[in-house]
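Report on one structure; see the data block that follows.
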Amino acid sequence: MTNGILMQAQMLIDEEQYDKAYEMLEKSYEKYKDDAEYLEKIALLAKTMEKSEDAAKYWEELVVVNPNSLIGYSELLDIYNNTNKYKYYITRAKYKILNEKVTQSIDDYKKAINSTTEETEIINARFLLAKAYEHTDKIQNAIDEYYRIIEHKDDMAIYYKLADLYAGMNDRFSAINILERGVKAFPQVNELTEYLSGLYLKEGQFDKALEYARNDFSRTKAYLMKGENEEAYKILNTIEDKTNANYYALFAEYYFNKKEWKKCSEYIDKFNELAPQNPLTYQMRALVCDENNDSYGYHYNMGKCYSYKQEYELALAEYLNAHRFDSNKSEAVKEIIKINEASGDKTSLMEFYEKLVRQEPENTMALKGLGDIYADMYEHKVAIDYYKKAAKLNSSDYEVYNKLGICYEKIKDYSSAKDSYEKYLAKAPMSPDTEKLKAKVSSMNIGNSAESASDEEGFIDKIMKIFSK
């Protein structure tokens, strides 16, 4: 902890014993050099004592330890303005980025490049400039800067970054070209060759994919996509790592190619055990369903695939398609309800709650959902019917009794409201509403006070009904 040493230093500073304070802080440097508070204190003291070189050193160390230190960058700007223009512009750019002015930082990075002839400084400034271009969605400008960097010096990470940017633009041709260049520069780096192999797979150039594949999984995938199933099978049987989910995905693909649907499904399930909630599980199941002319299964599984990708509009479209092919199955209906609950589409929500109740009359989730919707529509008697059914099916669900109490109050059936609240209190004694509800139940015994309050609520409800029509 630096608190003790900093407090002692501050006491000396307050007494204007700067030399002693500085000497004390200097002696503690090795112990606290990674502490931002310590560095700021000694840097400020060095500035006060006009130790410019020391101050610069400590401010520079501060912004390394705490890259978000505005005071560090501000002080360095004052120092560099008269001593080092390259560092001045780099620092000013970072200061602007901290103040969320990334666009303005771009011009400073350009000025930094023009303020030096040192290759390492130019490369550093170009890299930061490229990152700023990326942040402002000027992707082509970023690409140009990354190319300028590798003109100075080959860098494996830059080849990978360029490939990523091109892939993000769906420009596989350019991504492949830069990766081929990268592989020539760094033939020993498997990440580059595997990336290249994967892009060739997507392009359907399976022989090229095999040429650059560096592991058994990639080679197996290429053989399977090429249709050479037995070659793929040979490699699969040599793989010892059975904990890798891809092992089971590739076996599933092998049996898919062989049209052995039972074995294929078994391996999809094994893949799912190791990689739960992976969209690929449902994409593979969808393809199996499609091959077996199961339209409902195809669209339902594609819906699950998009759901796990968080592409909910596409998921909803697939679930609706599944429902059209078989309106008697409830799985798609339940998924449609989940999406509509999240989006707040109450019209569609009511429609599918009702469908689910017809399919599963004892589904308490749907019964309560319908109760909530009708309660929101001020149709309290209809809401009560649904809540009562839900309560009968699951008497331990205490929340439904609270909802019943509210609806009974709305229609001025205070006896039933009191009974519902008492059941709620009996089942949920630790509820945060306990004391408030106890007071309400107690007031219902008095009669007029509760009734008059409810009359006022009823009057408001009537007005709301008029304006909601």
Side-chain angles (χ1 to χ4, degrees), residues 156 159-160 163-164 166-167 170-294 297-298 301-302 304-305 308-309:
M156 185 272 288
Y159 286 113
Y160 208 99
D164 267 351
Y166 280 128
N170 292 317
D171 184 355
R172 286 185 196 149
F173 178 78
S174 296
I176 286 171
N177 280 344
I178 193 63
L179 282 173
E180 284 184 335
R181 181 174 162 183
V183 168
K184 286 179 182 177
F186 299 96
Q188 76 283 4
V189 178
N190 288 340
E191 289 87 350
L192 289 175
T193 53
E194 284 293 324
Y195 196 167
L196 182 55
S197 176
L199 288 178
Y200 273 127
L201 274 181
K202 291 177 181 178
E203 286 293 296
Q205 297 186 46
F206 306 128
D207 288 329
K208 278 287 190 179
L210 277 168
E211 179 185 339
Y212 288 103
R214 290 292 182 272
N215 64 56
D216 289 338
F217 292 105
S218 298
R219 282 192 286 271
T220 301
K221 181 69 176 176
Y223 277 124
L224 287 170
M225 294 188 73
K226 194 178 178 184
E228 296 184 10
N229 299 313
E230 299 316 311
E231 289 297 322
Y233 188 73
K234 288 177 186 176
I235 299 173
L236 278 172
N237 282 322
T238 66
I239 295 175
E240 295 181 358
D241 183 6
K242 306 296 191 293
T243 63
N244 190 319
N246 288 330
Y247 171 80
Y248 298 97
L250 290 169
F251 252 119
E253 188 172 348
Y254 168 76
Y255 284 113
F256 181 89
N257 287 356
K258 301 285 286 184
K259 300 189 182 300
E260 295 183 29
W261 310 122
K262 184 178 179 181
K263 294 289 289 183
C264 178
S265 296
E266 286 176 7
Y267 276 96
I268 293 172
D269 291 341
K270 289 177 181 179
F271 171 82
N272 190 48
E273 288 174 11
L274 289 173
Q277 301 183 354
N278 189 312
L280 180 58
T281 295
Y282 300 95
Q283 186 176 7
M284 290 190 293
R285 286 175 179 167
L287 292 172
V288 172
C289 289
D290 191 41
E291 287 289 323
N292 288 275
N293 299 315
D294 177 3
Y298 171 77
N301 280 293
M302 284 306 300
K304 294 287 283 185
C305 175
Y308 284 120
K309 288 181 177 181

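For reference, positions follow the sequence shown, starting with 1. Quick caveat, the model's predicted, so the values are computed rather than measured. Values reported hereafter were calculated over all heavy atoms of this structure, with side chains retained and with hydrogens, waters and symmetry mates removed.
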Show every salt bridge (Lys or Arg N to Asp or Glu O under 4.0 Å) that has at least one partner inside residues 188-201, sequence neighbours left out. none

With sequence neighbours excluded, what pairs up with F256 under the ring-ring contact (aromatic ring centres under 6.0 Å, His included) test? W261

Please check if the side chain of N215 supplies one atom and the backbone of F217 the other of a donor-acceptor pair under 3.5 Å. yes

pair L196-K208: side-chain heavy atoms closer than 4.5 Å: no

Sequence neighbours excluded - salt bridge (Lys or Arg N to Asp or Glu O under 4.0 Å) pairs with any residue from residues 238-250: none

Hits for side-chain hydrogen bond (donor to acceptor under 3.5 Å, both in side chains) against D216, two or more places apart or cross-chain, chain-then-number order -> R219

Just checking, K270 and Y267: is the charged tip under 6.0 Å from the six-membered ring centre and within 45° of the axis? yes

Test of understanding: with side-chain hydrogen bond (donor to acceptor under 3.5 Å, both in side chains), list the residues that count as partners of N257, not counting sequence neighbours. N229

Regarding T281 and N278, is there a side-chain donor-to-acceptor distance under 3.5 Å anywhere? no

Across all chains, not counting sequence neighbours, the side-chain hydrogen bond (donor to acceptor under 3.5 Å, both in side chains) partners of Y195 are D164

Apply side-chain contact (heavy atoms from CB on, under 4.5 Å) to E230 and list each qualifying residue two or more places apart in sequence or on a separate chain. Y233, Y254, K258

Who passes ring-ring contact (aromatic ring centres under 6.0 Å, His included) against Y159, sequence neighbours left out? none

side-chain hydrogen bond (donor to acceptor under 3.5 Å, both in side chains) against N170, all qualifying residues, sequence neighbours excluded: none

Under the ring-ring contact (aromatic ring centres under 6.0 Å, His included) test, residues paired with Y298 that sit two or more places apart: none

List the residues meeting side-chain contact (heavy atoms from CB on, under 4.5 Å) with A209, not counting sequence neighbours, and say none if there are none. S197, Y200, L201, A222

Can you pull the salt bridge (Lys or Arg N to Asp or Glu O under 4.0 Å) pairs that have at least one residue in residues 172-187, sequence neighbours excluded? R172-E203

